[in-house]
Amino acid sequence: MSCQGYPRRLRLLTAGDYRRVFDTATCKVHGKGLMALAAPSPLGHPRLGLIFSKKNVRRAVDRNRFKRIARESIRLRQHQLPSVDIVLLARRGLVELDNETVHRQLHGMWRRLDRELLKLENGR
C-alpha cells in the first residue's frame, strides 16, 4: 500500500520555490475561481504551493477551508501527478462554490495539467 500522507516534501516552502514557479511556469490551468501554474521539478514528485489572498477570499474561515480541500486533493493524487511544482491561486468567485464543486474543479484541473504536460513533453 502506498503512503497517502502529506509530508513536507509535497509542499513549496520558501519564497524562492514560489518565485521559480512564477518565473518558469510552462503550464497554466484554469478552473472556476482557481488557477494553477506548473513548472517542471527535478525532485521526482509533485509539490504544491497555495496562494489564497484576502482580496479574493475575504474570510479566514473560507481561505482555510479551501486550503484544506486543495491539500487533500493533492494528497490523494500525488502518485498520479508528474514531477512538477504547482502554485494554486484563488480567484474571485471561489467563495460561491461548495466543497464538492471545489473537489471536482481540482480533480479536473489535475487531469488537464497532466494532459498539458504530456503534450509539452511530446513536442505538441
Side-chain angles (χ1 to χ4, degrees):
M1 180 124 148
S2 63
C3 174
Q4 291 292 317
Y6 188 67
R8 284 178 64 88
R9 68 180 185 84
L10 291 180
R11 305 175 197 163
L12 294 177
L13 298 172
T14 65
D17 292 339
Y18 282 87
R19 184 169 295 114
R20 191 183 66 74
V21 174
F22 280 110
D23 291 343
T24 64
T26 57
C27 187
K28 185 188 298 187
V29 179
H30 295 274
K32 179 159 176 47
L34 294 166
M35 181 175 75
L37 298 171
S41 170
L43 298 176
H45 55 81
R47 295 191 303 168
L48 179 68
L50 302 169
I51 299 177
F52 289 79
S53 68
K54 282 185 187 179
K55 180 180 177 183
N56 294 322
V57 183
R58 184 59 86 195
R59 298 182 330 160
V61 177
D62 293 327
R63 288 193 302 275
N64 292 333
R65 176 172 59 107
F66 293 127
K67 288 178 187 179
R68 276 195 307 273
I69 292 169
R71 285 191 296 263
E72 179 72 4
S73 175
I74 201 80
R75 183 185 73 81
L76 294 173
R77 303 248 331 160
Q78 64 183 305
H79 300 294
Q80 289 93 28
L81 289 172
S83 177
V84 291
D85 290 341
I86 303 165
V87 173
L88 187 66
L89 297 117
R91 294 287 184 219
R92 288 198 175 98
L94 183 62
V95 196
E96 286 89 33
L97 304 178
D98 63 344
N99 290 356
E100 184 58 36
T101 306
V102 175
H103 272 289
R104 282 195 315 269
Q105 284 284 336
L106 288 168
H107 181 70
M109 287 174 68
W110 303 146
R111 281 197 338 250
R112 286 195 313 271
L113 180 69
D114 201 18
R115 279 197 311 260
E116 289 291 322
L117 290 168
L118 256 171
K119 279 184 196 175
L120 288 173
E121 282 179 8
N122 296 332
R124 290 201 173 186

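Among the candidates Arg9, Arg47, Arg8, the single residue satisfying the salt bridge (Lys or Arg N to Asp or Glu O under 4.0 Å) test with Asp17 is Arg47.
Atoms CG and CG, from Leu88 and Leu106 in turn, are 6.0 Å apart once rounded to the nearest 0.5 Å. From Asn56, atom CG reaches atom CG of Leu94 across 8.5 Å, with rounding to the nearest 0.5 Å. Here the straight-line distance linking atom CG of Leu10 with atom NE2 of His45 works out to 6.5 Å at 0.5 Å rounding. Between the NZ atom of Lys67 and the CG atom of Leu48 there is a distance of 11.5 Å, given to the nearest 0.5 Å. For the atom pair Ser41 OG and Leu81 CG, the distance stands at 12.0 Å (nearest 0.5 Å). Residue Lys119 holds its NZ atom at 9.5 Å from SG of Cys27, rounded to the nearest 0.5 Å.
Not counting sequence neighbours, the partners of His107 by the side chain to side chain donor-acceptor pair (under 3.5 Å) test are Arg111. Residues meeting the side chain to side chain donor-acceptor pair (under 3.5 Å) test with Asp23, sequence neighbours left out: none. Partners of Lys55 by side chain to side chain contact (heavy atoms under 4.5 Å, CB included), not counting sequence neighbours, listed by chain and number: Ser53, Arg92. Partners of Glu100 according to the side chain to side chain contact (heavy atoms under 4.5 Å, CB included) rule, which considers only residues two or more places apart in sequence or in another chain, are Asp98, Arg104. Partners of His30 under the side chain to side chain contact (heavy atoms under 4.5 Å, CB included) rule, at least two apart in sequence or in another chain, are Lys28, Met35. Scored by the side chain to side chain contact (heavy atoms under 4.5 Å, CB included) test, Ile51 finds Tyr18, Phe22, Val87, Leu89 as partners (sequence neighbours excluded). With sequence neighbours excluded, the residues that form a salt bridge (Lys or Arg N to Asp or Glu O under 4.0 Å) with Asp62 are Arg59, Arg65. Applying the side chain to side chain donor-acceptor pair (under 3.5 Å) criterion to Asn64, with sequence neighbours excluded, gives no partner residue. Taking the salt bridge (Lys or Arg N to Asp or Glu O under 4.0 Å) definition, one finds that Asp114 meets it with nothing, sequence neighbours left out. Among residues two or more places apart in sequence or in another chain, the salt bridge (Lys or Arg N to Asp or Glu O under 4.0 Å) test is passed with Arg20 by Asp85.
Put simply, the side chain of Glu116 never gets that close to the backbone of Leu113: no donor and acceptor are under 3.5 Å apart.
Through ILVMFWY side-chain contacts below 4.5 Å, Leu43 is grouped with nothing and stands alone.
Heavy-atom minimum distance, Gly44 versus Ser83: N-OG, 3.1 Å. Nearest heavy-atom pair, Ile74 versus Ile86, reported as atom, atom and distance to 0.1 Å: CD1-CD1, 4.2 Å. When all heavy atoms of Ile69 and Val102 are compared, the pair lying nearest together is CG2-CG1, 3.7 Å. Residues Arg63 and Phe52 come closest through the heavy atom pair CD-O, 3.0 Å. The two atoms that bring Ala25 and Leu37 nearest to each other are CB-CB, 4.2 Å, heavy atoms only. Across all their heavy atoms, Gln105 and Gly31 have their closest contact at OE1-CA, 3.2 Å.
Sorted by first and then second residue, the salt bridge (Lys or Arg N to Asp or Glu O under 4.0 Å) pairs involving residues 30-44 (not counting sequence neighbours) form an empty list.
In the hydrophobic clustering of ILVMFWY residues, with side-chain heavy atoms under 4.5 Å counting as a link, Met109 and Leu117 come out together. Phe66 and Leu12 fall into different hydrophobic clusters, defined by Ile, Leu, Val, Met, Phe, Trp and Tyr side-chain heavy atoms under 4.5 Å apart, directly or through other members.
Around atom CZ of Arg11, more than 12 heavy atoms belonging to other residues, nucleotides or ligands sit under 6.0 Å away.
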